[in-house]
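Quick caveat, the model's predicted, so the values are computed rather than measured. In listed order, ligands and their atoms are each counted from 1.
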Amino acid sequence: MLADDDGYRLWLRYEPVADAPRRAEYRAAFGELVLGERIAGTLATALAELERGLSGLLGEAPPARPQINKTAALVVGTPASLPMLAKLELAQDLAKLGDEGFLIRQTTSDGVACTVIAANRELGCLYGVFHLLRQVQLGRALTELATESAPKLRFRMLDHWDNLDRTIERGYAGFSLWDWHKLPDYLDPRYEDYARACASVGLNGSVLTNVNANALILTDTYLRKVAALANVFRPYGVRVYLTARFSAPIEIGGLASADPLAPAVRAFWREKADAIYRLIPDFGGFVVKANSEGQPGPEDYRRSHAEGANVLADALAPHGGVVIWRAFVYSNTAGEDRHKQAYDEFVPLDGKFRDNALLQVKNGAIDFQPREPFHPLFGALPRTPLLAEFQLTQEYLGCATHLCYLGPLLNETLDSDTFVAGPGSTVARVLEGAVHGGHATGLAAVSNIGSERNWCGHPFAQSNWFAYGRLAWDPALRADDIAEEWLQLTFTQDPRFVEEARRMMLESREAVVNYMTPLGLHHLMAWDHHYGPGPWIDQGRADWTSVYFHRADANGIGFDRSATGSNAVAQYAPPLRERFGKLESCPESLWLWFHHVAWDQEMTSGRTLWNELCHRYDAGAVAVSGMRSTWASLAGAIDGARHRHVSDLLAIQEKEARWWRDACLLYFQTFSRRPFPEGFDPPRGTLAEYRARRDRFVPGIRERG
Ligand code: GCW
């Protein structure tokens with residue numbers, strides 16, 4: 001019987017290497033730990049990680065010494081901290097690796113067999129240490145350790161939507177990690193474990209607060225608390241960022257206006273930035289949601305987003321900080337197709353932002369749906385550095401209960417070809433600065449972390465934190481390799497388990513797409529909390545309703561965004577605008593995103609659209625039942641606690657997938673007026689029952705009373 005595991009250690013479990021000969025090889029090769037001189041800060045952290053990791057993996061940590069005196073050594077340092085590195089002639093290789101990259105070499109120095117982890121900066125050493133530990137955890141042969149690695153993206157951010165009262169907007173894993181009430185005096189040990197986990201996958205920025213921001217975070221009392229967190233994160237290379245409420249000059253500055261061009265407002269932001277940097281010298285900067293969903297912004301003063309962003313950018317520039325301005329902007333009154341609004345707003349502003357102002361663009365044009373085509377702003381702003389924003393917390397992908405591995409979604413967006421500079425202009429290459437010759441920028445993701453013991457609530461949700469970090473380091477990595485690695489690190493190396501669970505993970509996102517929003521449907525979730533189906537939602541602000549997005553009628557279903565409709569397709573570069581614009585060339589997976597399609601339209605499967613829709617909804621629900629039985633067959637391969645936890649959640653997911661399937665199809669049938677295909681397992685409830693269901697106090701939103 002394997003001991004129960006509560007999931008707290010994530011992918012950093014450091015259990016003894018199971019293969020005894022391999023363990024002996026490692027022990028022999030890592031005879032002693034030799035670290036660069038001036039051990040403090042990040043280098044000390046790297047040593048502590050090595051000792052901790054190797055003592056778990058190998059049974060004991062090799063002794064740490066300032067120089068070699070055995071026959072084998074694990075040597076870690078920068079050329080500045082470890083003079084012996086000079087002899088190894090690494091300078092040329094290191095030169096390519098920048099501030100955060102590292103290399104691992106196996107070599108001899110004065111007759112001593114050395115495994116060397118070298119980097120230009122201490123943070124690179126720490127990343128190299130985590131890389132090495134991961135290889136040892138995976139039981140890789142010593143001959144496979146040599147590598148060179150540098151992040152392809154500069155900003156690798158985790159965005160917390162955490163409120164000061166510790167609730168988390170769209171959070172499904174408990175309350176906020178940040179215990180503001182007890183900070184700065186009490187430092188929960190979790191803070192350090194959080195930073196370790198982030199650094200272990202290469203994340204280097206943490207936005208502590210919700211983009212629906214509270215200006216109080218910028219007051220002195222809170223900034224001292226933020227500084228305490230920054231002190232904990234610093235050795236791990238995780239910089240702290242805060243969300244800035246645009247109206248803060250009024251709310252905490254005593255000004256009558258927040259007009260970005262008013263001298264007093266500029267002075268407010270300058271003084272605020274100065275005060276922050278006095279407390280947090282490596283503060284990352286501000287993230288701003290402005291003029292979106294009721295948030296204040298420069299348009300309140302008839303100023304552009306660029307004018308707004310630049311004031312904050314100017315305040316941060318002397319300190320090396322950046323402002324990350326969100327492009328998730330749409331009008332407060334429904335009018336133009338929401339798909340088009342951010343593009344229309346920001347394309348005319350290209351080139352008008354300061355160098356230290358970055359635009360953060362959601363992966364798709366609407367809002368973190370199970371499947372969206374990539375956002376047309378990628379590639380459309382050659383003079384503006386961009387971050388792509390993903391959502392790890394599963395607001396639209398099953399909230400707290402669904403197993404949905406997001407690796408395939410991330411790959412799908414990052415691999416999407418924008419064609420802006422010919423074929424191969426993928427979103428990833430746009431972000432890397434390779435398409436327009438700009439600077440590499442980054443990725444951001446809304447965190448799925450909370451106070452639950454296992455951090456993410458669902459044991460498999462940890463894989464999304466992990467996969468995101470790995471892809472932010474290298475957007476070319478493949479979701480299936482990452483899944484395999486994560487499973488081995490997190491659960492076991494048992495090949496049957498890894499193979500079966502990996503298959504489950506890889507199928508899981510498509511299953512969610514199928515039972516929620518197949519064929520390009522989107523935003524059919526229940527009102528406000530977005531938990532469960534609500535395709536019938538037709539009240540309230542039009543572009544927050546489901547009927548706005550699916551447009552089902554007696555003829556067919558789908559949002560016409562072709563030239564005959566809203567013409568959002570024109571926002572994509574040729575040949576995509578033509579490809580998406582015509583039903584014949586549009587991928588079927590996006591049909592109802594871009595077209596209003598007749599119920600009897602034939603699809604490549606030979607089915608009519610209506611029958612295909614039934615088939616997809618059913619296939620999604622069936623896939624979850626399949627995941628459930630696969631998982632049941634894996635009992636015993638891992639510890640009982642985590643196995644049971646996942647089993648119970650899969651049982652909930654199976655019920656909920658069926659709920660989605662039945663509710664959506666019964667509802668759409670009122671338009672299609674066609675029977676369910678032959679052999680179709682009929683819905684278990686009635687439409688009236690599904691419509692009458694009211695879920696209260698769903699996690700992730702604040703409901704009172
Ligand atoms: O998807 C929507 C969410 C809001 C969120 C918003 C955003 C923070 O429903 O809760 O607000 O996106 O990204 O700003």
Specify the protein heavy atom at minimum distance from [atom]: its residue, its atom name, and the distance to 0.1 Å.
atom	value
atom 14 (O) of ligand 1	Lys289 NZ, 2.6 Å
atom 4 (C) of ligand 1	Glu169 OE2, 3.4 Å
atom 6 (C) of ligand 1	Glu293 OE1, 3.3 Å
atom 3 (C) of ligand 1	Glu395 OE2, 3.2 Å

Check whether any N or O atom of Arg170, backbone or side chain, sits under 3.5 Å from an N or O atom of ligand 1, and answer yes or no.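 There is such a contact, yes.
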Pairs of nitrogen or oxygen atoms closer than 3.5 Å, one from Asn210 and one from ligand 1: do any exist?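 Checking ligand 1 against Asn210, no N or O pair falls under 3.5 Å apart.
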Taking atom 2 (C) of ligand 1 as the point of reference, which of Asp528, Asp367, Asp159 owns the nearest heavy atom?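 Among Asp528, Asp367, Asp159, the closest heavy atom to atom 2 (C) of ligand 1 belongs to Asp367.
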Tell me whether Arg702 is salt-bridged to Asp165, with the criterion being a basic N under 4.0 Å from an acidic carboxylate O.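 A salt bridge is present here (some side-chain N lies under 4.0 Å from a carboxylate O).
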Lys/Arg-Asp/Glu bridge criterion (N-O < 4.0 Å) met for Asp179, Lys182: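 Answer for the salt bridge query: yes.
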For Phe328, counting its heavy atoms only, list the atoms of ligand 1 lying under 4.0 Å from any of them.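 In order of number, 6 (C), 7 (C), 12 (O), 13 (O), 14 (O).
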Subset of ligand 1 atoms that lie under 4.0 Å from at least one heavy atom of Val211: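 Counting from 1, the qualifying ligand atoms are 8 (C), 14 (O).
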Looking at ligand 1, would [X] count as a contact under a 4.0 Å heavy-atom criterion?
X	value
Lys362	yes
Gln295	no
His530	yes

Region of Arg326 engaging ligand 1 - heavy atom pairs below 4.0 Å: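 The answer is the side chain of Arg326.
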For the residue pair [X] and [Y], categorise the inter-ring angle as parallel (less than 30°), tilted (30 to 60°) or perpendicular (more than 60°).
X	Y	value
Phe374	Phe378	tilted
Phe368	Trp161	tilted
Phe346	His305	tilted

What I want to check is whether the side chains of [X] and [Y] have a donor and an acceptor closer together than 3.5 Å.
X	Y	value
Gln653	Tyr515	yes
Asn363	Glu372	no
Asp367	Tyr396	yes
Tyr330	Glu336	no

